[in-house]
Amino acid sequence: MFSRTIAPRAVLLAAFVVSAQPSALAQFETSAILPVPTEPYSLMVGDFNRDGIPDVAVISVGGTGSVDILLANGDGTFRAGASYTVEVLFYGATASLRNNGILDLVLGGGDDTVYVMLGNGDGTFQSPVAYPTAGANLMVALGDFTGHGHLDIASLEWSSCNCVQILPGNGDGTFGAPISTTPVPYDVTGFAIAPGDFNNDGKLDLAVGGQFGASSKLDVLLGNGDGTFTDDGYYEIGGEPFAIATGYFTSDKTNLDLAVSVGGAIDVLLGNGDGTFQQPVSYSTQPTATWIIAQDLDGDGIVDLATSNSEVGAIVFKGNGDGTFQSASLYSVGGRGGANSIAAADFNNDGKPDLVLVGPDQVITLLNTGSAIFSPTSPLTFLNQLLGTTSAPQSVTITNSGTTPMTFSSVASSGAAFRMTANTCSGSLAPGAQCSITAEFTAQAKGTVSGGITINDSASSKPQFVDLIGIGSELSIKPASLKFPPQKVGTQSSPLVIQVTNVGKTSVAFTHFIYIDGGSGYLDFSQTNDCGTHLRPGASCTISVMFTPKKAQAYTSHLYIENNGGFTPESIPLTGTGTGD
């Protein structure tokens with residue numbers, strides 16, 4: 001999951017040139033969501049077609065495994081490019097292996113093999129070439145570990161090996177057989193790896209995070225310059241490591257530091273410049289942190305940290321320049337199951353680094369909005385709106401977090417199903433002041449439609465966007481919830497009835513089930529229905545729900561109706577209380 005564009009130099013870090021911005025916390029807002037159907041797991045960022053705009057390569061674990069290229073449009077959105085089937089893998093790195101300015105891909109994280117895909121320079125790649133390793137590869141890193149001036153592959157392996165192997169690069173995109181095998185020391189099974197010159201001797205070293213039983217450790221392997229390494233101690237960390245980022249977290253930029261994602265926190269270890277590190281300092285990330293990157297996100301010359309997380313979206317820690325970080329700022333992507341990987345690059349060419357995340361079934365772009373704080377940061381989403389009806393309004397608030405007034409030159413909405421009903425974001429907005437924009441959605445057709453609000457303001461050289469998402473439904477469901485009166489334990493209530501009506505022009509299929517699930521009472525509520533498998537236009541059916549409490553307590557659950565009428569599953573809350581009388 002190494003989402004770094006790597007150049008052949010001693011320390012391999014992300015290097016995106018950004019213009020100077022006001023010294024304020026960078027703000028991010030969801031700009032684009034691109035579905036990826038093949039279970040995406042990680043990503044890499046680089047200008048694969050050499051048009052000056054960073055693209056994304058997505059590694060997916062669905063099926064036999066694949067690499068999908070997403071080509072950037074220059075506004076924070078992407079279009080689908082070539083797709084390649086590759087054996088099961090999880091992580092990758094990108095670099096110009098031939099020193100010709102064309103980015104190539106190195107892939108691992110699956111079987112006893114590392115794969116190399118040479119780029120053609122137009123966004124396409126040659127077929128993968130397999131290089132055997134001694135054990136099942138977990139993660140790869142790139143760097144000149146042998147001192148011959150070419151990029152080599154460091155393969156972190158487990159199972160029969162539990163080691164790091166170096167595959168020497170030939171400088172033409174090919175690699176030799178592993179020339180060295182360094183066991184991961186201190187009884188650690190390695191899970192994550194990152195390169196860097198930790199003792200400032202001009203030779204690349206490795207940090208390897210792993211676990212042994214209940215103990216989690218970060219091992220330091222000092223490079224000898226010939227592809228071999230010498231262990232240099234370990235550090236206890238706060239949990240199973242997912243990823244490691246390197247960077248200069250202090251303003252003197254002399255000693256390389258480390259940040260490790262360890263479940264519900266990140267651990268920061270400041271380097272002493274001699275290959276040793278200070279004891280880790282932990283920063284909470286609740287929910288769970290997955291990938292981690294270290295980069296200056298707000299243009300103040302100080303490295304910040306950003307993590308993807310398993311439940312919500314992105315978490316950003318602003319650096320203070322002394323090796324410490326401010327408390328977490330969380331950027332939601334709208335409850336889409338969180339994210340497993342994160343990278344940073346300027347995707348809309350406004351001079352500010354943006355974030356890109358990969359979640360369970362999509363790639364999500366969070367554009368850097370500068371001093372304009374958007375709340376919420378996720379799209380305004382209008383769920384399950386009955387055809388022909390208009391939603392309740394939703395609003396987005398913009399706060400000027402800068403030190404100078406922010407001016408608005410225009411605010412406009414798009415999308416026939418959406419209407420901007422109010423707007424106080426006009427003229428000048430003083431530092432610390434807020435304004436708001438309100439929109440509503442009228443469902444005109446079943447399924448998902450999108451629109452947007454385009455904002456031109458002085459916080460960015462490019463337009464900023466509020467994405468609008470609406471989902472229309474053909475099913476009218478009344479009532480929207482059921483609350484049962486108190487019911488004696490061991491007895492069954494009289495049924496409460498839900499009426500389902502198809503208000504659309506096509507037949508609605510109940511695609512799988514009508515069922516009760518979740519909560520404390522999924523076994524205490526039951527249902528019967530006469531809906532069959534299809535409901536024709538204008539027709540209705542009924543669902544009868546009964547409550548049979550087993551204990552004297554409060555119960556909750558949901559009735560779900562899976563269908564193809566535009567929004568699925570429809571969910572009806574169920575509540576009831578069992579009594580002893």
Side-chain angles (χ1 to χ4, degrees), residues 287 311-312 334-337 381-394 441-443 446-448 469-581:
E311 295 180 25
V312 182
R336 289 176 168 80
T381 303
F382 304 85
L383 299 176
N384 195 17
Q385 191 66 36
L386 191 63
L387 293 188
T389 65
T390 299
S391 71
Q394 294 191 42
F441 166 62
T442 299
K446 73 174 183 179
T448 302
I469 298 173
I471 303 178
S473 173
E474 292 182 319
L475 291 184
S476 170
I477 298 175
K478 295 181 179 179
S481 63
L482 294 181
K483 181 178 182 180
F484 287 82
Q487 185 69 30
K488 185 177 180 179
V489 170
T491 65
Q492 181 172 285
S493 72
S494 299
L496 297 183
V497 175
I498 295 171
Q499 185 176 56
V500 181
T501 303
N502 181 357
V503 302
K505 298 180 180 180
T506 60
S507 180
V508 173
F510 298 107
T511 49
H512 289 90
F513 304 103
I514 296 174
Y515 60 96
I516 293 170
D517 196 14
S520 59
Y522 72 98
L523 294 177
D524 300 86
F525 297 98
S526 59
Q527 63 85 23
T528 61
N529 69 83
D530 60 4
C531 294
T533 60
H534 290 77
L535 193 63
R536 68 180 185 275
S540 298
C541 66
T542 59
I543 303 172
S544 298
V545 182
M546 286 71 70
F547 176 45
T548 310
K550 297 180 179 64
K551 296 181 180 180
Q553 64 181 50
Y555 290 90
T556 63
S557 193
H558 281 81
L559 173 74
Y560 293 101
I561 306 172
E562 294 190 0
N563 67 92
N564 69 346
F567 181 80
T568 190
E570 300 272 5
S571 174
I572 300 94
L574 309 175
T575 57
T577 301
T579 67
D581 300 327

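Model, not experiment: these values are computed from the prediction. The basis for the numbers below is simple: all heavy atoms, side chains too, and nothing from hydrogens, waters or symmetry mates.
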Undergrad: Taking Ser557 for the side chain and Gly518 for the main chain, is one N or O donor matched with an acceptor at less than 3.5 Å?
TA: yes

Undergrad: Pair up each side-chain donor or acceptor in residues 525-538 with any protein partner under 3.5 Å, not counting sequence neighbours, and list the distances.
TA:
{"from": "Gln527", "atom 1": "OE1", "to": "Asn529", "atom 2": "ND2", "distance (Å)": "3.1"}
{"from": "Gln527", "atom 1": "NE2", "to": "Ile514", "atom 2": "O", "distance (Å)": "3.1"}
{"from": "Asn529", "atom 1": "OD1", "to": "Cys531", "atom 2": "N", "distance (Å)": "3.1"}
{"from": "Asp530", "atom 1": "OD1", "to": "Thr542", "atom 2": "N", "distance (Å)": "2.8"}
{"from": "Asp530", "atom 1": "OD1", "to": "Thr542", "atom 2": "OG1", "distance (Å)": "3.4"}
{"from": "Asp530", "atom 1": "OD2", "to": "Thr542", "atom 2": "OG1", "distance (Å)": "3.3"}

Undergrad: Run the side chain to side chain donor-acceptor pair (under 3.5 Å) test against Gln394 and tell me which residues pass, sequence neighbours left out.
TA: none

Undergrad: Not counting sequence neighbours, which residues clear ring-ring contact (aromatic ring centres under 6.0 Å, His included) with Phe513? List them please.
TA: none

Undergrad: List the residues meeting side chain to side chain donor-acceptor pair (under 3.5 Å) with Thr506, not counting sequence neighbours, and say none if there are none.
TA: Glu474

Undergrad: Minimum heavy-atom separation for Phe441 and Gln385, please, with both atom names.
TA: CE2-CB, 3.6 Å

Undergrad: Going by side-chain contact (heavy atoms from CB on, under 4.5 Å), name the residues that satisfy it together with Thr568, two or more places apart in sequence or in a different chain.
TA: Glu562, Asn563

Undergrad: Does Leu482 reach the side chain of Thr575, with side-chain heavy atoms less than 4.5 Å apart?
TA: no

Undergrad: Drop me the distance from Tyr522's OH to Leu574's CG, to the nearest 0.5 angstrom.
TA: 14.5 Å

Undergrad: First locate atom CD of Gln487, then atom OG1 of Thr579, and finally report the distance between them rounded to the nearest 0.5 Å.
TA: 7.5 Å

Undergrad: Does Tyr560 have more than 12 heavy atoms from other residues, nucleotides or ligands lying within 6.0 Å of its OH?
TA: yes

Undergrad: Would you call the rings of Phe547 and Tyr555 parallel, tilted or perpendicular, where under 30° means parallel and over 60° means perpendicular?
TA: perpendicular

Undergrad: Measuring only between side-chain heavy atoms, which start at C-beta, is Pro569 closer than 4.5 Å to Ile561?
TA: no

Undergrad: Output the distance between atom OG (Ser473) and atom CG (Leu387), rounded to the nearest 0.5 Å.
TA: 6.5 Å

Undergrad: Please confirm whether the backbone N or O of Asn564 pairs with a side-chain atom of Lys446, one donor and one acceptor, at under 3.5 Å?
TA: yes

Undergrad: Kindly compute the distance separating CZ (Phe382) from CD1 (Ile469), expressed to the nearest 0.5 Å.
TA: 10.0 Å

Undergrad: Please name all residues satisfying side-chain contact (heavy atoms from CB on, under 4.5 Å) with Thr390, sequence neighbours left out, ordered by chain then number.
TA: Glu440, Thr442

Undergrad: Test: side-chain hydrogen bond (donor to acceptor under 3.5 Å, both in side chains). Region: residues 494-505. Which pairs qualify, not counting sequence neighbours?
TA: Thr501-Ser540

Undergrad: Only counting residues at least two apart or in another chain, list the ones meeting ring-ring contact (aromatic ring centres under 6.0 Å, His included) with Phe510.
TA: none

Undergrad: Check salt bridge (Lys or Arg N to Asp or Glu O under 4.0 Å) between Lys550 and all other residues, then give those that pass, not counting sequence neighbours.
TA: Asp524

Undergrad: Could you tell me which residues satisfy side-chain contact (heavy atoms from CB on, under 4.5 Å) with Pro485, sequence neighbours excluded, listed by chain and number?
TA: none

Undergrad: Which atom pair, heavy atoms only, marks the closest approach of Gly472 to Ala443?
TA: CA-CB, 3.9 Å

Undergrad: Mind checking what makes side chain to side chain donor-acceptor pair (under 3.5 Å) contact with Ser507, not counting sequence neighbours?
TA: none

Undergrad: Is the shortest heavy-atom distance from the side chain of Ile477 to the side chain of Ile543 under 4.5 Å?
TA: no

Undergrad: Where is the tightest heavy-atom contact between Val545 and Phe484, given as atom of each residue plus distance?
TA: O-CZ, 3.3 Å

Undergrad: Got a sec, which residues hit side-chain contact (heavy atoms from CB on, under 4.5 Å) with Pro573, two or more places apart in sequence or on another chain?
TA: Ser481, His558

